[in-house]
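Start at 1 with the first residue, then count along the sequence. When a ligand or atom number is given, it counts from 1 through the structure's own listing order. This is a predicted model, so every value here is computed, not measured.
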Amino acid sequence: MSLHEARRRLAAARSVAVLTGAGGSAESGIPTFRDAAGLWKGFRPEDVASPEAFARDPGFVWDWYEARRRTVAACEPNAGHRALADFERRCGSFTLITQNVDGLHTRAGSRRVLEIHGSLWRVRCTGCGETREELRTPLPEVPPRCACGALLRPGVVWFGETLDPALLAEAWRAAESADFFLVAGTSGQVQPAASLAEAALARGAAVVEINLEPTPLTPRATVALRGGCAALLPALLLPEAPTGMQDIPSKER
Ligand code: OAD
């Protein structure tokens, strides 16, 4: 089980899909959710990331999202994001699915990204339902309001909410038609994203995982590469892997 094997399977693939999670942005300086210093450490996610929390105290919820928006605005895409953007330009059939709301894939140059958990850089009106981009931070007013007078909410998917059905359908189509499915930097604890890898496995795709630690997917992955996305995504996806990386078995990293 090695990077060499993963590269061999990728070279033979006709259709590639990738699912990224918070670990993909960790080396850009953005905290993950469930790691030791993660965003969900020490409090219940439902207290800031749910419709109930927003109904109770929209200012509190917006303050939390503004802090996240400021953090992300000060961060840059890393070599992993850039390798994915580069790969998209060279691959005929490619779908990038991300659970991340930070927008770093797009900033790195990825052109088509299925942001299934939404984006920190979009807002949606709780009254008229209009969705638009909002790149300013700090916002002129918190909580912000729509021209129609109703409150705007962050354009992210909260606990207890369903994912955009059209986006999710596209993600399923990509997972089910891929013969190479890459899962990078996600703990695989949130559905339905976690099931996408299962769907690809069931269809006989090569499923390659990149993560610092084992996850529920690891034992079933075709190849599990142990390490950080910023090093391993370029090593896997760029035409020339950095010298010396090709033959290192994943478990020795
Ligand atoms: P998690 O915080 O649950 O998991 C991050 C994963 O990335 C862990 O498995 C880490 O071992 C791994 N990791 C950390 N740093 C890494 C690195 N540099 N390279 C590779 N792997 C690394 O984050 P997600 O799986 O993305 O949803 O969480 C999924 C969803 O749960 C999020 O989108 C969010 C959260 O609740 C919503 O807010 C809807």
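Taking any N or O of Ala26, backbone or side chain, none lies under 3.5 Å from an N or O belonging to ligand 1. In terms of polar-atom proximity, Phe33 is counted as a contact of ligand 1, with an N or O under 3.5 Å from an N or O of the ligand. Not one N or O of Val190 is nearer than 3.5 Å to an N or O of ligand 1, by distance alone.
The Gly227 neighbourhood of ligand 1 comprises atoms 19 (N), 20 (C), with distances under 4.0 Å to a heavy atom of that residue. Listed by number with element, the atoms of ligand 1 under 4.0 Å from a non-hydrogen atom of Glu27 are 17 (C), 18 (N), 19 (N). Remark: ligand 1 atoms within the under-4.0 Å shell around heavy atoms of Val157 are 39 (C).
For the 3.5 Å distance criterion, the side chains of Gln99 and Thr186 qualify, holding a donor opposite an acceptor. In this structure, a donor-acceptor pair under 3.5 Å is absent between the side chains of Glu170 and Thr95.
Distances from atom 7 (O) of ligand 1 to the heavy atoms of Gly80, Ala231, Cys229, Gly185 put Gly185 nearest. When the options Ile30, Leu212, Leu217 are ranked by their closest heavy atom to atom 21 (N) of ligand 1, first place goes to Leu212. Distances from atom 1 (P) of ligand 1 to the heavy atoms of Ser187, Gly21, Gly24 put Ser187 nearest.
Residue contacts with ligand 1 leave out Trp158, since none of its heavy atoms falls under 4.0 Å from the ligand. At least one heavy atom of His117 sits closer than 4.0 Å to an atom of ligand 1.
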Please output the side-chain donor-acceptor pairs of residues 17-24 that fall under 3.5 Å, not counting sequence neighbours, one pair per line with the distance.
| unit_1 | atom_1 | unit_2 | atom_2 | d |
| --- | --- | --- | --- | --- |
| Thr20 | OG1 | Thr98 | OG1 | 2.6 |
| Thr20 | OG1 | His105 | NE2 | 2.9 |

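Under the side chain to side chain contact (heavy atoms under 4.5 Å, CB included) criterion, Cys91 pairs with Val16, Phe87, Phe94, sequence neighbours left out.
Contact check on Arg132 versus Glu134 returns a salt bridge, with a Lys/Arg side-chain nitrogen under 4.0 Å from an Asp/Glu carboxylate oxygen.
The side-chain heavy atoms of Leu233 and Leu182, taken from C-beta on, include a pair separated by under 4.5 Å.
Tracing side-chain contacts under 4.5 Å through hydrophobic residues (I, L, V, M, F, W, Y), one never reaches Leu84 starting from Leu114; they form parts of separate clusters.
A cation-pi contact, defined as under 6.0 Å to the ring centre and within 45° of the axis, links Arg153 to Trp158.
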